[in-house]
Visitor: 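Once you've had a glance at the structure underneath, I'll fire off some questions.
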Amino acid sequence: MNIATTTISLTVDDVAASRDFLTTHFGYAQARAADGFASLTRDDAAVDIVLLRRGTEVLPEDQRDQRATGQILAFTVTGIEAEQERMRAAGADITVPLREEPWGEKLFQVTDPNGIVLQLVEWSTATRTIQAEFEIDSWDEVPYEEPSEGPKLTKIVIRKTYRGALEGTGVAEVLTAQGAAGAGYVASERIDATLEGRRGTFVIQHGGLADGDDQSTFGTVVPHSGTADLAGLSGHATEAAHGVLTLVYTFGA
């Protein structure tokens, strides 16, 4: 299947009112029109919009009296503060003023004369830091090399429960080298959790070294490993304190 464009069809009482609102405030242009019908488009990635008058016979009989309701038409933009001021100055009805969610999403909403809710969104690229406490639920350790001299090598599967700003579970496969005076580990861990209200999964690769009393840790979010609401997550993750994951992160495209 090859999809050339995407269009949303909205049923409204007054096609002209919604058409004028979208062309005035959202930069749409009318591509086609007829009685009770208007097709709107833009020259960028925005979805095309078809407006149909409620009751029109081109719709199946059981859909003719439905209105565009219970949905939000959302557009991702840059410079969202200026967009809100532009629309306010032009007389648009700002029904949800600009606000920022804990996960870095800025948004505001306007409503057109037919009740269509349109939302403008901008994702913050600001760096955030959380410290998530975790408990170890299981620890399955299997040595795979135990030489007479030098460190023992083991493979460990660790399952965790995270609480706080990162709420969910993690499973890590860990390779360790355990000696009398020095040790080290490397791990890949998949986390399935809600990060400050945003749900999804991601993978971190982390590790650590111990040289006597000197210890260091390192870790990175695997690029493009985020899923669902955590898509675009990037950053660094360390376990510098016992039972605490420190995550420094941003969201990109």
Side-chain angles (χ1 to χ4, degrees), residues 1-10 44-49 68-80 83 96 98-110 116-138 157-174 186-207 218-239 243-253:
M1 178 174 62
N2 179 35
I3 298 176
T5 60
T6 302
T7 303
I8 184 169
S9 179
L10 303 172
D44 55 15
V47 65
D48 289 349
I49 298 174
T69 185
Q71 63 216 347
I72 297 173
L73 189 56
F75 300 90
T76 300
V77 300
T78 57
I80 194 167
E83 290 293 344
V96 175
L98 183 65
R99 70 186 191 207
E100 184 171 2
E101 303 293 1
W103 49 86
E105 179 188 25
K106 293 181 180 180
L107 64 90
F108 73 91
Q109 291 181 359
V110 297
I116 298 173
V117 178
L118 302 104
Q119 178 173 291
L120 274 72
V121 176
E122 183 175 17
W123 292 102
S124 171
T125 57
T127 299
R128 297 173 178 268
T129 301
I130 63 159
Q131 291 188 321
E133 296 184 356
F134 64 84
E135 299 174 358
I136 294 177
D137 301 318
S138 65
V157 177
I158 303 173
R159 297 186 182 276
K160 307 174 183 177
T161 297
Y162 287 93
R163 307 191 192 286
L166 185 67
E167 191 84 19
T169 60
V171 56
E173 188 164 294
V174 187
V186 291
S188 290
E189 178 176 358
R190 182 176 185 270
I191 295 175
D192 184 347
T194 300
L195 173 60
E196 294 195 297
R198 201 166 175 172
R199 182 75 191 181
T201 67
F202 63 99
V203 177
I204 58 175
Q205 290 190 335
H206 54 103
F218 56 89
T220 302
V221 176
V222 174
H224 309 294
S225 64
T227 67
D229 294 337
L230 297 181
L233 178 71
S234 63
H236 299 279
T238 57
E239 294 182 7
V244 177
L245 177 75
T246 300
L247 180 63
V248 181
Y249 70 94
T250 61
F251 283 100

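Bear in mind that the values here come from a model prediction, so they are computed numbers and not experimental data. The analysis underlying the following values was restricted to heavy atoms, covering all of them including side chains, and did not include hydrogens, waters or symmetry mates.
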Visitor: Testing the basics here: between A46 and F75, what is the closest heavy-atom pair and its distance to 0.1 Å?
Guide: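 So the two residues come closest at CB-CE2, 4.0 Å.
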Visitor: Considering all heavy atoms of both residues, which atom of G200 and which atom of A228 are nearest to each other, and what is their separation?
Guide: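 It is CA-CB, 4.1 Å.
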Visitor: Quick one: OG1 on T78 to NZ on K106, what's the gap to the nearest 0.5 Å?
Guide: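 Here the interatomic distance stands at 11.5 Å.
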Visitor: So, taking the atom named CG in D137 and the one named OG1 in T161, what distance separates them when rounded to the nearest 0.5 Å?
Guide: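 Reported value, rounded in 0.5 Å steps: 3.5 Å.
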Visitor: How many angstroms lie between atom CD1 of I49 and atom CG of L10, to the nearest 0.5 angstrom?
Guide: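 I49 atom CD1 to L10 atom CG measures 6.5 Å (nearest 0.5 Å).
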Visitor: Run the side-chain contact (heavy atoms from CB on, under 4.5 Å) check on L107 and R99 step by step: do they pass?
Guide: CA-CA 6 Å; L107 64 90; R99 70 186 191 207; 3.9 Å; yes
Visitor: How close do G219 and T238 get, counting heavy atoms only, and between which atoms?
Guide: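 Shortest heavy-atom separation between G219 and T238 comes out as N-CG2, 4.0 Å.
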Visitor: Under 3.5 Å, is there a donor-acceptor pair between the side chain of Q119 and the main chain of I72?
Guide: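 Not a single qualifying donor-acceptor pair exists.
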Visitor: So, for L247 and A237, which heavy atoms are closest and what is the spacing to 0.1 Å?
Guide: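 What the structure gives for the nearest pair is CD1-CB, 3.9 Å.
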Visitor: With a 3.5 Å cut-off and no angle check, do the side chains of T201 and T227 form a donor-acceptor pair?
Guide: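 Yes, T227 and T201 have a side-chain donor paired with an acceptor closer than 3.5 Å.
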Visitor: If I compare all heavy atoms of V157 with all of E173, which pair ends up nearest, and what's the gap?
Guide: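 For V157 and E173, the tightest heavy-atom pair comes out as CG2-OE1, 4.4 Å.
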Visitor: Indicate the atoms forming the closest heavy-atom contact of D229 with F251, along with that distance.
Guide: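 Scanning both residues, the minimum pair turns out to be O-CE2, 4.1 Å.
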Visitor: State, with a plain yes or no, whether a side-chain heavy atom of I204 is found less than 4.5 Å away from one of L245.
Guide: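 They are in side-chain contact.
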Visitor: So among I191, V222, D192, which one has a side chain to side chain contact (heavy atoms under 4.5 Å, CB included) with F202?
Guide: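 The residue from I191, V222, D192 that satisfies side chain to side chain contact (heavy atoms under 4.5 Å, CB included) with F202 turns out to be I191.
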Visitor: Within this structure, what is the CG-CG distance for the pair L118 and L120, rounded to the nearest 0.5 Å?
Guide: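 These two atoms lie 8.0 Å from each other.
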Visitor: Going by atom types alone, do T220 and Q205 pair a side-chain donor with an acceptor below 3.5 Å?
Guide: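 No pair is found: no donor N or O on one side chain lies under 3.5 Å from an acceptor on the other.
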Visitor: Looking only at side-chain N and O atoms, does T250 offer a donor or acceptor that is under 3.5 Å from a partner on T127?
Guide: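 Absent: no donor and acceptor within the cut-off.
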Visitor: Only one of E167, E189, E135 forms a salt bridge (Lys or Arg N to Asp or Glu O under 4.0 Å) with K160, so which one is it?
Guide: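 Among E167, E189, E135, the one that satisfies the salt bridge (Lys or Arg N to Asp or Glu O under 4.0 Å) with K160 is E189.
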Visitor: Side chains of V221 and Y249: does their closest heavy-atom pair fall under 4.5 Å?
Guide: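 No - every pair of side-chain heavy atoms lies 4.5 Å or more apart.
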Visitor: For the CG atom of L195 and the CG atom of L233, what is their distance to the nearest 0.5 Å?
Guide: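 Here the rounded value is 6.5 Å.
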Visitor: Using atom types as modelled and distance alone, determine if a side-chain donor or acceptor of R163 lies under 3.5 Å from a backbone N or O of E133.
Guide: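 Here the side-chain-to-backbone pair does not exist.
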Visitor: Would you sort out whether E83 and E122 count as a side-chain contact (heavy atoms from CB on, under 4.5 Å), showing the intermediate values?
Guide: CA-CA 11 Å; E83 290 293 344; E122 183 175 17; over 6 Å; no
